[in-house]
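First up is the structure itself, then whatever we jot down about it.
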Amino acid sequence: MATDMATDTVTTTAGRRTVLGTCHHDCPDSCGWVVTVEGETAVRLRGNPDHPYSRGELCPKVNRFLDRVYSPDRILHPLVRRGVKGDGDFAPASWDVALGLVAERLGEIVRRHGGEAVLPWWDAGTQGLLQMSSLDKRFFAKLGATRLTGSLCGGVASAGTASTNGTARAADPTDVRFAQLALLWGTNTRLTNRHLWPFVEEARANGATVVVIDPVRTMTAEAVDWFVQPLPGTDVALMLGLMHVLVRDDLIDHDYVERHTVGFGRLAERVRDWPPARAADACGIGADEIERLARAYGTTKPAFIRTLIGAEHHEHGAMFFRTLACLPALTGAWRHRGGGLARSVGAWTDINIDESVLEAPHLAPAGGRRSVNMNHLGRALTDPAMDPPVQALFVWNGNPLVSVPNAELTRRGLARDDLFTVVSEQFLTDTARYADVVFPAATQIEQTDVVPAWGHLYLGWNEAAIPPLGDAVPNTELWRRLARAMGFTEPELFEDDESLLRSALRDVDLDLLRERGFVRLSLPEDLRPYADGGFPTASGKVELYSEALAAQGHDPLPAFHPPGEGVGGEAELAGRYPLVLMTPKNHTRFLNTSYSHLPKHGPAEGGPFAELDPADASARGIAEGDTVRVWNDRGSLTLTARVGGRLRPGVVAVPFGWWSDHHGERATANSLTNDTLTDWGGGVAYGSTRVEVEPVGVHAGGDD
Ligand SMILES: Nc1nc2c(c(=O)[nH]1)N[C@H]1C(S)=C(S)[C@@H](COP(=O)(O)OP(=O)(O)OC[C@H]3O[C@@H](n4cnc5c(=O)[nH]c(N)nc54)[C@H](O)[C@@H]3O)O[C@H]1N2
Ligand SMILES: Nc1nc2c(c(=O)[nH]1)N[C@H]1C(S)=C(S)[C@@H](COP(=O)(O)OP(=O)(O)OC[C@H]3O[C@@H](n4cnc5c(=O)[nH]c(N)nc54)[C@H](O)[C@@H]3O)O[C@H]1N2
Ligand code: SF4
Ligand SMILES: [Mo]
């Protein structure tokens with residue numbers, strides 16, 4: 001197991017050891033940290049000042065990480081349900097008893113219904129190479145379980161970008177410091193990617209103009225030079241308008257376009273129909289602003305576009321990224337350091353990591369395995385047509401009842417008496433409360449791992465600083481114990497952590513990685529991946545016109561689809577539910593669903609709320625602090641109203657991340673959201689949700 005793996009990373013002075021690690025959270029920053037340990041107790045956790053990207057700083061979530069590790073609410077022993085599903089009434093059990101129970105039920109389910117009656121569900125609760133997903137792939141292959149596909153996060157952005165560029169690989173985000181114009185498009189840098197912000201400030205100090213394009217006046221929008229506020233899900237119209245001006249005013253890099261793109265003529269024809277006035281109508285911003293933005297983008301060099309995940313959560317999320325990727329090709333922005341398009345850089349980690357070695361497809365029964373999109377957990381658990389029905393569910397590294405859309409459908413599924421649910425967790429989340437068996441999971445300072453990043457180009461080492469508390473174990477150990485309990489004997493199911501890491505890492509100096517806590521991916525300092533073209537599409541060029549998309553039944557050119565046309569499959573909904581619901585990440589002390597329950601996090605953020613524009617509020621007789629009901633056909637949520645100027649009329653925002661405890665009812669933001677899949681990329685349209693809001697009385701405390 002992990003603890004015998006390294007010595008270099010640990011420095012001892014006067015009975016105190018410092019141990020290097022890397023934050024595991026699903027966050028682009030993957031910060032380096034240093035844990036100080038006395039005996040077997042971690043007494044301090046701080047940023048690693050030597051880390052080239054995070055440079056010694058962590059964040060308001062992880063500055064208190066030791067409170068999370070040592071929280072009295074940690075699950076430290078296996079739990080077996082004794083009460084009603086959802087009530088969270090469990091009895092502690094030994095590992096032997098809990099494993100015995102799981103092995104018996106699982107064995108019976110597989111015998112009676114076949115392996116596909118088993119559904120694994122996991123996300124990126126830890127992004128570590130080992131602990132996110134490694135031995136589980138082999139364990140569930142051996143069972144012949146249903147495969148989990150799709151993505152809550154990033155899959156659509158990758159697929160959309162790749163439709164234009166042939167790959168999701170793009171510019172180094174930190175190169176924003178060389179830009180003279182930086183568009184932060186659908187990303188809330190200061191909240192969600194805070195360690196990039198100093199690089200943005202460096203650009204500004206060197207004279208750059210920084211623009212935020214976001215339907216919400218976010219904390220990032222507040223801090224920049226120019227804020228552009230389209231209606232949610234309408235950016236493709238804005239992009240078509242920008243391209244219209246670029247073509248009309250000949251702000252095109254013809255040499256780059258000629259050598260490195262295909263389909264310029266057809267794209268030019270398409271955008272001819274998108275003068276700024278038409279685009280303005282569709283996206284709700286002024287035609288003059290589109291003109292100005294296009295001129296700024298077409299004439300400033302280097303011009304950088306930074307985007308992350310937020311804009312993918314719409315029905316036409318992939319089209320957003322596919323269209324965005326056309327812009328830097330038209331202006332040749334890829335030529336310059338500080339130019340081009342920067343998004344998640346996770347796709348670059350393939351250079352040094354071969355994840356395929358973590359799989360063992362030969363263990364699976366012949367004949368293939370069915371798959372379920374992870375966004376359709378509720379559908380999979382409740383669909384009477386599923387054959388075999390899902391009889392056993394395993395959840396780790398995620399809290400799907402809070403994070404997956406259409407949550408009330410998931411809740412109905414989890415409440416099924418005949419479903420056997422196993423959850424590996426650190427805390428009794430909304431999801432874990434529905435489990436039959438809960439296994440105690442180690443935290444990042446209790447397990448060793450390598451952390452690939454998606455916000456910068458460094459791999460991080462994470463050395464276990466303390467032994468796991470109580471009976472908790474790293475996920476890899478859970479899979480080994482389950483395999484043993486099931487009576488499996490294939491050695492692949494029991495491979496140890498060090499051996500797994502060694503086989504997955506490619507051309508990585510493991511000693512250096514341990515000693516410093518980070519190494520750069522094998523990439524040049526000046527990345528500029530497409531300064532001279534070299535796009536890995538079928539044509540070898542940027543596909544402004546895409547035959548591949550046409551073959552899949554999509555528009556081969558960038559195309560605007562008005563949002564909400566097919567929400568929940570019923571156009572009629574738009575009339576009944578006039579407001580568009582956004583459910584953004586909103587709190588500096590939250591990381592997805594992982595902190596709202598901790599005393600220094602949830603209470604400090606003041607509680608969940610529904611935010612409305614003054615016009616929408618007064619039309620409904622709602623004032624600041626009133627209690628309101630937000631609802632649609634999927635669910636209903638009672639919240640405190642905030643009336644402010646951050647949104648456009650017609651849009652309501654409810655922050656994501658709170659557990660149902662904080663809502664005082666068994667519902668969360670995702671009780672309302674749309675589980676329609678995106679155009680392509682296997683993601684989901686959280687943001688294509690419509691609701692109505694009504695006052696239900698005056699909030700007694702008026703706590704805003
Ligand atoms: N503090 C904090 N940091 C986090 C997280 C957290 O929960 N809390 N979560 C982490 C995770 S998992 C992720 S994926 C990243 C996400 O990082 P980001 O993608 O930067 O964050 P989001 O808030 O999901 O979305 C970014 C912005 O997109 C906007 N947006 C939504 N729809 C549209 C649209 O149609 N057009 C445009 N132009 N903008 C749109 C939202 O208003 C939001 O401000 O953040 C990570 N960092
Ligand atoms: N409405 C709405 N919904 C959203 C979003 C949104 O913006 N709006 N954002 C979406 C996005 S971008 C994302 S990434 C998802 C996130 O959705 P989830 O991944 O479901 O949420 P997290 O809070 O990241 O869940 C992490 C869980 O993993 C557990 N965990 C952490 N480390 C370990 C470990 O080592 N072992 C085990 N067994 N468990 C561990 C934590 O205790 C925590 O409960 O939510 C999505 N859902
Ligand atoms: S959550 Fe993000 S910003 Fe905070 S320490 Fe972890 S990687 Fe850094
Ligand atoms: Mo995410």
Side-chain angles (χ1 to χ4, degrees), residues 1-3 5-6 9-10 15-27 29-48 54 57-79 92 95 124-128 130-132 396-399 423-429 432 438-451 460-478 497 517 588-604 657 659:
M1 260 203 39
T3 33
M5 284 189 54
T9 345
V10 182
R16 285 188 147 207
R17 294 181 299 134
T18 57
V19 183
L20 295 181
T22 301
C23 182
H24 60 297
H25 278 309
D26 191 354
C27 170
D29 289 357
S30 301
C31 299
W33 70 33
V34 187
V35 190
T36 307
V37 182
E38 283 179 9
E40 290 198 343
T41 307
V43 294
R44 195 167 188 267
L45 185 147
R46 290 288 178 272
N48 178 358
S54 55
E57 196 209 45
L58 298 174
C59 69
K61 300 143 265 179
V62 172
N63 285 336
R64 296 202 176 83
F65 191 68
L66 295 186
D67 289 353
R68 182 179 170 91
V69 173
Y70 292 109
S71 164
D73 297 334
R74 265 287 294 277
I75 299 172
L76 295 179
H77 307 284
L79 302 172
W95 268 94
T126 166
Q127 307 197 93
L130 292 176
Q131 307 307 344
M132 181 162 85
W396 71 101
N397 288 345
N399 184 4
V423 174
S424 164
E425 250 304 345
Q426 298 160 352
F427 291 90
L428 207 55
T429 60
V438 184
F439 286 113
T443 66
Q444 185 73 343
I445 66 165
E446 299 156 76
Q447 56 197 10
T448 294
D449 213 335
V450 165
V451 184
W461 178 256
N462 184 72
E463 178 73 14
I466 56 168
L469 301 189
D471 289 337
V473 298
N475 295 337
T476 43
E477 179 60 13
L478 170 65
D497 288 2
T588 57
R589 295 176 189 80
F590 284 15
L591 194 284
N592 299 332
T593 79
S594 292
Y595 284 93
S596 70
H597 58 105
L598 293 174
K600 298 215 173 98
H601 296 257
W659 293 8

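This one's a predicted model, so the numbers in the text were calculated from it and none came from an experiment.
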| query | Does some side-chain heavy atom of Pro78 sit less than 4.5 Å from a side-chain heavy atom of Pro92? | reply | no

| Hey, does Asn399 have a side-chain heavy atom less than 4.5 Å from the side chain of Phe427? | no

| field | For Asn592, side chain to side chain donor-acceptor pair (under 3.5 Å) partners two or more places apart | value | none

Side-chain ([X]) to main-chain ([Y]) donor-acceptor, under 3.5 angstrom:
X      : Y      : answer
Gln426 : Ala442 : yes
Asp449 : Leu130 : yes
Arg17  : Ala465 : yes
Gln127 : His25  : yes
Glu446 : Leu469 : yes
Arg74  : Ala441 : yes
Ser596 : Gly602 : no
Arg68  : Thr443 : no
Trp33  : Cys23  : no
Ser71  : Asp73  : yes

Nearest-0.5 Å distance, [atom1] of residue [X] to [atom2] of residue [Y]:
X      : Y      : atom1 : atom2 : result
Ile445 : Leu66  : CD1   : CG    : 5.5 Å
Leu20  : Thr22  : CG    : OG1   : 8.0 Å
Arg589 : Asn63  : CZ    : CG    : 11.0 Å
Arg64  : Lys600 : CZ    : NZ    : 6.0 Å
Thr41  : Tyr70  : OG1   : OH    : 5.0 Å
Cys31  : Lys61  : SG    : NZ    : 8.0 Å

At their closest point, which heavy atom of [X] faces which heavy atom of [Y], and how far apart are they?
X      : Y      : value
Gly32  : Leu58  : O-CD2, 3.8 Å
Val34  : Asn48  : CG2-CA, 3.7 Å
Tyr595 : Val62  : OH-CG2, 3.9 Å
Gly398 : Glu425 : O-OE2, 3.7 Å
His77  : Asp471 : ND1-OD2, 2.9 Å
Thr448 : Ala464 : OG1-N, 3.0 Å

| note | Only residue of Asn475, Thr126, Thr476 satisfying side chain to side chain donor-acceptor pair (under 3.5 Å) with Gln131 is Thr476

| task | Any chance you could lay out the side-chain contact (heavy atoms from CB on, under 4.5 Å) test for Val19 and Val37, step after step, and finish with the verdict? | result | CA-CA 8 Å; Val19 183; Val37 182; 4.1 Å; yes

| task | Just do the side-chain contact (heavy atoms from CB on, under 4.5 Å) check on Val423 and Trp396 with the steps written out, would you? | result | CA-CA 6 Å; Val423 174; Trp396 71 101; over 6 Å; no

| message | Is the ring pair Trp95/Phe439 parallel, tilted or perpendicular, if the boundaries are 30 and 60 degrees? | response | parallel

